[in-house]
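Step one of this worksheet: look at the structure below.
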There are 2 protein chains.
Amino acid sequence: MSKTTTKSATRAENERLILEAAESVFAEYGFKGATTGMIADHAGLPKANLHYYFPTKLALYRQVVENIFRIWLEAANTFDDCDDPEEALTRYINAKMDISRSHPMGSKVWANEILHKAPVIQDYLETTLGEWTDTRIAVIERWIAQGKMAPIDPRGLLYMIWATTQHYADFNHQIDTLNDGKPLSDQQFAKAKQTVVSIILAGVGIRPARLVVNDAIGEGA
Amino acid sequence: MSKTTTKSATRAENERLILEAAESVFAEYGFKGATTGMIADHAGLPKANLHYYFPTKLALYRQVVENIFRIWLEAANTFDDCDDPEEALTRYINAKMDISRSHPMGSKVWANEILHKAPVIQDYLETTLGEWTDTRIAVIERWIAQGKMAPIDPRGLLYMIWATTQHYADFNHQIDTLNDGKPLSDQQFAKAKQTVVSIILAGVGIRPARLVVNDAIGEGA
DNA sequence: TGAAGACTTGACCAAACGGTCAAGATGATA
DNA sequence: TATCATCTTGACCGTTTGGTCAAGTCTTCA
């Protein structure tokens, strides 16, 4: 009984191995640059075996993209409709940054898709992402109308948050190179997170930035 | 004159055609995804003719990347060492945004490079870009010490500016899709520029954001 | 235990692609 | 015009790659 309820354990395990390898290889080489042979090697299986589980490279890619989108949706839901923009924005930015840290490859696959005009995810962009964006813009507009934040363009703010948080995944090679070739330490990453939150919150008029504590120069603050 | 004074007009014109086509095709399909056949078609020449001017696909790609880097450097120089961070940051952000608008393909080729771990531009990253970054960080630190802006992490600020401005080029397909499938109008783009400048400047404590609409007219425009 | 299905894999194939080549066309120079 | 260098191009070649296949091995369960 316990065995027949799930699809065979072998199948589940091999699909997992292949999907994991595929995400990593697609992220680094793109759809065209990745070969099913590389993915199979990475998963420790012969190529023919990979094609037994996923008939075509495209089908495998689609599955990878779908998984990535599910993770994106989870973070998206942290941007909920609460009354306090400080809390909502902080939580959302932190969630996005955490994903960039824990799932950089997913973000890279997404970036590759958009760069190549979204041949596979165009649907998601037009439907789910479009609707999600519209509702959050409405929330931000309400905050602005309530005087809880400065009247900036909500769409511009969202794009800025996406761009910045995803930059830490998509461009991590550049960031590492500029960090003497070493990946950011947990401490460095925490500092980066805090910087992003701080600039955004001050940028939209919540929790304004303070100048140097010295207050000798009493102009901007 | 000696034979090597000027390369023939034919050569100059054909190289230009090919480089133009190559930038566009590499941007959309990546290095691996692009084929010399596609580039040749795009340039209106037979493939063998392309290989007469550029012996290999990689050599052509290198030339494209070099041109892109030159343009990047020009914008980089607008971030000069002036005393006023408001002026310097505004000018730099605007320059970067303008490049994203006028040369989106160059930015995409760059993004593709980084995503794929910079197989060709690693040199630039380690030398020119690294040095440039260090000097600008020093400038920002000085501004902070002088109480001209809030004590945020300068590196985090630079990454945020890069990420956001380049997002308007690299992710323009997503942005267009979320804009009912149409490219941003000049007016929309100008608004985006202003939003970025405004959030960054307020975010670092220069020109703080104002809340309610009543007395907020004094900024922007 | 034996048969039916699930899984594995080396060998193979056709298409696509980067690059070559040789034969000719065109342009410059004296 | 004669000569030489530059340019053009269809045909071709070796390699890579996505995908197939048939001949196996292993699992499950009546």
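Per chain, numbering begins at 1; letters A, B, ... match sequence-line order.
Residue B/Arg11 places none of its side-chain N or O atoms closer than 4.0 Å to OP1 or OP2 of D/dT6. Taking 4.0 angstrom as the limit, B/Tyr52 places a side-chain polar atom (N or O) nearer than this to OP1 or OP2 of D/dC7. Using a 4.0 Å cut-off, some side-chain N or O of B/Thr36 falls inside it from OP1 or OP2 of C/dG18. In this structure, B/Lys47 does not reach the D/dC12 phosphate: none of its side-chain N or O atoms is under 4.0 Å from OP1 or OP2.
Nucleotide D/dC7 holds its P atom 14 Å from the CG atom of B/Leu17, rounded to whole Å. Taking atom CD of A/Glu13 as the reference point, atom C1' of D/dT27 lies 17 Å away to the nearest angstrom. Across the protein-nucleic acid pair, A/Tyr29 atom OH and D/dT16 atom P stand 16 Å apart, rounded to whole Å. At whole-Å resolution of the value, OH in A/Tyr53 and C1' in D/dG19 are 18 Å apart. Computed from coordinates, the A/Lys57 NZ to D/dT16 P distance equals 15 Å when rounded to whole Å. When the P atom of C/dG19 is taken as reference, atom CG of B/Leu50 falls 10 Å away, rounded to whole Å. In this structure, NE2 of A/His51 is placed 15 Å from C1' of C/dG10, rounded to the nearest angstrom. For B/Glu15 and D/dC7, the CD to C1' distance is 12 Å, given to the nearest whole Å.
Here the options are A/Asp98, A/Asp84, A/Asp80, the test is salt bridge (charged side-chain N to carboxylate O under 4.0 Å, His left out), and the partner is A/Arg91; only A/Asp80 passes.
When distances are taken from the side chain of B/Ala48 to each of D/dT9, C/dC7, D/dG18, the shortest belongs to D/dT9. When each of C/dG19, C/dT9, D/dT8 is scored by its nearest atom to the side-chain atoms of B/Thr56, the top-ranked nucleotide is C/dG19. Across C/dC7, C/dG19, C/dC17, the shortest atom-to-atom separation from the side chain of A/Thr10 is found for C/dC7. Closest to the side chain of B/Asn14, from the set D/dC7, C/dT8, C/dG10, is D/dC7. With D/dT20, D/dC7, D/dT17 as the candidates, the nucleotide lying closest to the side chain of B/Ser8 is D/dC7.
Comparing A/Asn49 and B/Gly33 by the nucleotide of DNA chain C whose heavy atom lies nearest to each, the residue mapping closer to the 5' end is A/Asn49. For the pair B/Lys32 and A/Pro55, nearest-nucleotide mapping onto DNA chain D gives the more 5' position to B/Lys32.
Side-chain N/O atoms of A/Tyr61 and A/Glu66 include no donor and acceptor closer than 3.5 Å.
For B/Trp132 and B/Phe69, the gap between ring centers reaches or exceeds 6.0 Å. Aromatic pair A/Phe171/B/Trp162: centroids not less than 6.0 angstrom apart.
Across all strands, B/Ala34 comes closer than 4.0 Å only to sugar-phosphate atoms, never to a base (heavy-atom distances).
Salt-bridge formation is detected for the pair A/Asp186/A/Arg101: a Lys NZ or Arg NE/NH1/NH2 atom is positioned less than 4.0 Å from an Asp or Glu carboxylate oxygen.
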